[in-house]
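Single-structure report; data block below.
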Protein chains: 2
Amino acid sequence: MPATKKSSADLTAAPKRQHKAEAKAAAHPHGKVRPLTRIQREKQDVILEAALEVFSMHGFRGATIDQIAEVAGMSKPNLLYYFPRKEEIHRRLMAALLETWLAPLKEMDATGDPFPEIRSYIRRKLEMARDYPRESRLFANEMLQGAPRIIEMIELDLKNLVDEKAQVLLGWMDEGKLARTDPYHLIFSIWATTQHYADFDVQVRAVLGPSRNGEGRFEDAARYLEQLFMHGLTPKPAGR
Amino acid sequence: MPATKKSSADLTAAPKRQHKAEAKAAAHPHGKVRPLTRIQREKQDVILEAALEVFSMHGFRGATIDQIAEVAGMSKPNLLYYFPRKEEIHRRLMAALLETWLAPLKEMDATGDPFPEIRSYIRRKLEMARDYPRESRLFANEMLQGAPRIIEMIELDLKNLVDEKAQVLLGWMDEGKLARTDPYHLIFSIWATTQHYADFDVQVRAVLGPSRNGEGRFEDAARYLEQLFMHGLTPKPAGR
DNA sequence: CTAAGTTTTTTCCAACTGGTCAAAATTCAG
DNA sequence: CTGAATTTTGACCAGTTGGAAAAAACTTAG
């Protein structure tokens with residue numbers, strides 16, 4: 001359960017064919033569109049990893065190419081050889097991020113039972129907050145700024161997925177397997193409580209104090225959230 | 001229930017005597033430390049209000065003095081006459097913010113009953129997310145960046161307050177009035193779920209769609225959270 | 001009204017920003 | 001080993017950034 005570094009390998013590695021070609025064509029003033037070379041692939045990954053580090057802390061405007069280049073261990077012009085503009089790096093990061101971010105919700109299975117399903121959804125989200133805190137912060141940063149660069153994806157992909165899963169939740173409620181409540185706000189509350197441990201990590205650490213700061217705090221959080229949601233969503237026996 | 005503009009009046013108006021003097025002394029190269037003039041007070045408020053707007057969207061590094069000056073309706077040098085450095089503005093904002101931010105928790109009364117107390121704590125926090133979204137985002141931005149400028153306040157004032165209220169919660173649990181659970185994570189979950197509606201506003205709006213976007217969404221959220229926490233924290237009758 | 005104090009504007013600056021370009025260094029296919 | 005393609009570097013640029021300085025404009029107490 002390593003929570004540090006290298007964590008974005010899977011994220012940065014899946015940028016969607018189309019984008020690759022795009023980036024390539026843009027990155028290289030030379031005419032032809034060729035497959036990426038080994039060095040191109042490696043360096044792009046190094047850059048995206050560094051960019052994740054910097055963007056997730058300072059947001060788009062607050063991050064500088066110099067900074068990213070330094071973290072990536074290369075010169076600024078060299079970095080710009082791979083990604084001709086700052087926005088391009090951010091775009092690639094966000095595109096990959098959204099995929100990863102929605103994956104856990106996608107797994108929630110309508111044919112399963114609500115409590116195991118919701119419980120493991122919470123677990124997965126909490127694990128992501130633990131293992132990919134920078135991704136969580138990158139996302140949060142974008143949201144805070146009004147999501148200018150991903151608003152369409154939010155309004156399409158994300159909204160559709162949530163709509164679909166809200167239906168699943170409503171189904172469970174109709175079957176009396178889940179307390180009747182607002183499925184959208186239910187999903188929001190799971191997002192909020194789990195991502196909190198990545199986004200407000202400093203605060204959580206400061207409040208818990210040095211004594212409770214091992215990875216154990218995630219176990220405690222998991223236990224607490226499980227209790228909260230399982231109790232909170234247990235259906236009342238019809239009457240009263 | 002106005003949720004827009006002018007909302008920071010009370011925030012920016014309470015900068016703590018000591019700070020005022022400090023700011024004054026620093027702002028004016030002239031020797032003596034005099035009480036603030038009317039214009040100074042007014043303009044400082046205008047600037048802080050503008051700075052709140054800008055900092056809350058772009059974070060400290062992403063915000064520029066020019067931007068703040070423009071929103072404040074004055075020239076950059078003029079603004080710098082009142083606050084000689086960018087950091088100073090941010091510091092003032094954060095100091096006032098922390099006060100306001102912790103107020104609701106402070107009100108949680110040990111002599112009251114847990115459910116009404118917790119319920120109204122949630123209400124108050126949700127109202128703050130609705131009425132002071134910029135303040136919430138300002139705070140979130142600082143957290144995302146690792147709280148570099150307020151870490152001491154977090155580790156002292158905030159931690160102490162939370163420790164104190166955690167004891168209150170534990171007391172209620174001992175009396176069997178509240179489900180036994182981790183009081184710290186309980187507080188975190190209230191923070192997370194309520195602030196989510198300010199910090200991730202774009203996402204919430206996008207997901208709920210145009211139909212559910214009136215202020216009514218806060219009522220829905222309040223109802224949902226109330227249900228979640230009230231059910232989730234109801235103590236089980238001893239056995240089992 | 002006037003002079004001292006306050007506020008605002010104009011001009012300026014050095015450092016930093018995102019980004020360009022051509023030359024140099026390196027890699028790699030044949 | 002060689003020549004073409006790729007990668008890296010150094011020098012550079014125009015625009016922006018936080019901030020300084022000083023003079024001009026405005027308030028205000030007496």
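In what follows, chains carry the letters A, B, and so on, assigned in the order in which the sequence lines appear, proteins first and then strands, with residues in each chain numbered from 1.
At the phosphate of C/dT9, OP1 or OP2 sits under 4.0 Å from a side-chain N or O atom of B/Ser75. Phosphate proximity of D/dT7 to A/Asn78: absent, as no side-chain N or O sits under 4.0 Å from OP1 or OP2. Residue B/Lys43 places at least one side-chain N or O closer than 4.0 Å to OP1 or OP2 of C/dT8. Residue A/Arg85 places at least one side-chain N or O closer than 4.0 Å to OP1 or OP2 of C/dT20. One finds a side-chain N or O of B/Tyr81 lying less than 4.0 angstrom from the OP1 or OP2 phosphate oxygen of C/dT7. An OP1 or OP2 oxygen of D/dT17 is reached within less than 4.0 angstrom by a side-chain nitrogen or oxygen of A/Arg61.
Between the P atom of D/dG18 and the CZ atom of B/Phe83 lies a distance of 16 Å, rounded to the nearest Å. Nucleotide D/dT7 holds its C1' atom 13 Å from the CD atom of A/Glu42, rounded to whole Å. One interatomic measurement links the two molecules: CD1 of B/Ile89 to C1' of D/dG19, which rounds to 12 Å at whole-angstrom precision. If you measure from atom CZ of B/Phe60 to atom P of D/dT17, you get 14 Å, rounded to the nearest angstrom. What separates CD of A/Glu70 from P of C/dT17 is a distance of 11 Å, to the nearest Å. If you take CG of A/Leu80 and P of D/dC12, they are 18 Å apart, rounded to a whole angstrom. For the pair A/Ile68 CD1 and C/dG19 P, the interatomic distance rounds to 10 Å; values are reported in whole Å. Rounded to an integer number of Å, the gap from B/Gln67 CD to D/dT16 P is 12 Å.
Counting only N and O atoms by type, the side chains of A/Gln145 and A/Arg61 include no donor and acceptor under 3.5 Å apart. Using modelled atom types, one finds no donor on one side chain facing an acceptor on the other under 3.5 Å when comparing B/Tyr184 with A/Asp220. A donor-acceptor contact closer than 3.5 angstrom is absent between the side chains of B/Thr100 and B/Tyr132.
The residue A/Ala69 sits apart from the nucleic acid: no heavy atom pair falls under 4.0 Å.
Nearer to the 5' terminus of DNA chain C, by closest-nucleotide assignment, is the contact made by A/Asp66 (compared with the other of A/Pro77 and A/Asp66). If you find the closest nucleotide of DNA chain D to A/Lys76 and to B/Lys76, the one lying nearer the 5' end belongs to A/Lys76.
Between A/Asn78 and A/Met74, the closest heavy-atom pair is OD1-CB, 4.0 Å. The minimum heavy-atom distance between A/Ser189 and B/Thr193, with the atom names listed, is CB-CG2, 3.9 Å.
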Seminar exercise, completed: In B/S/- notation (B base, S sugar-phosphate only, - none; protein heavy atoms under 4.0 Å), nucleotides 24-29 of chain C written 5' to 3' is ----S-
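The closest donor-acceptor contact from the side chain of B/Lys86 to the backbone of B/Phe60 lies under 3.5 Å.
The aromatic rings of A/Trp191 and B/His196 sit tilted relative to each other, their planes meeting at an angle between 30° and 60°.
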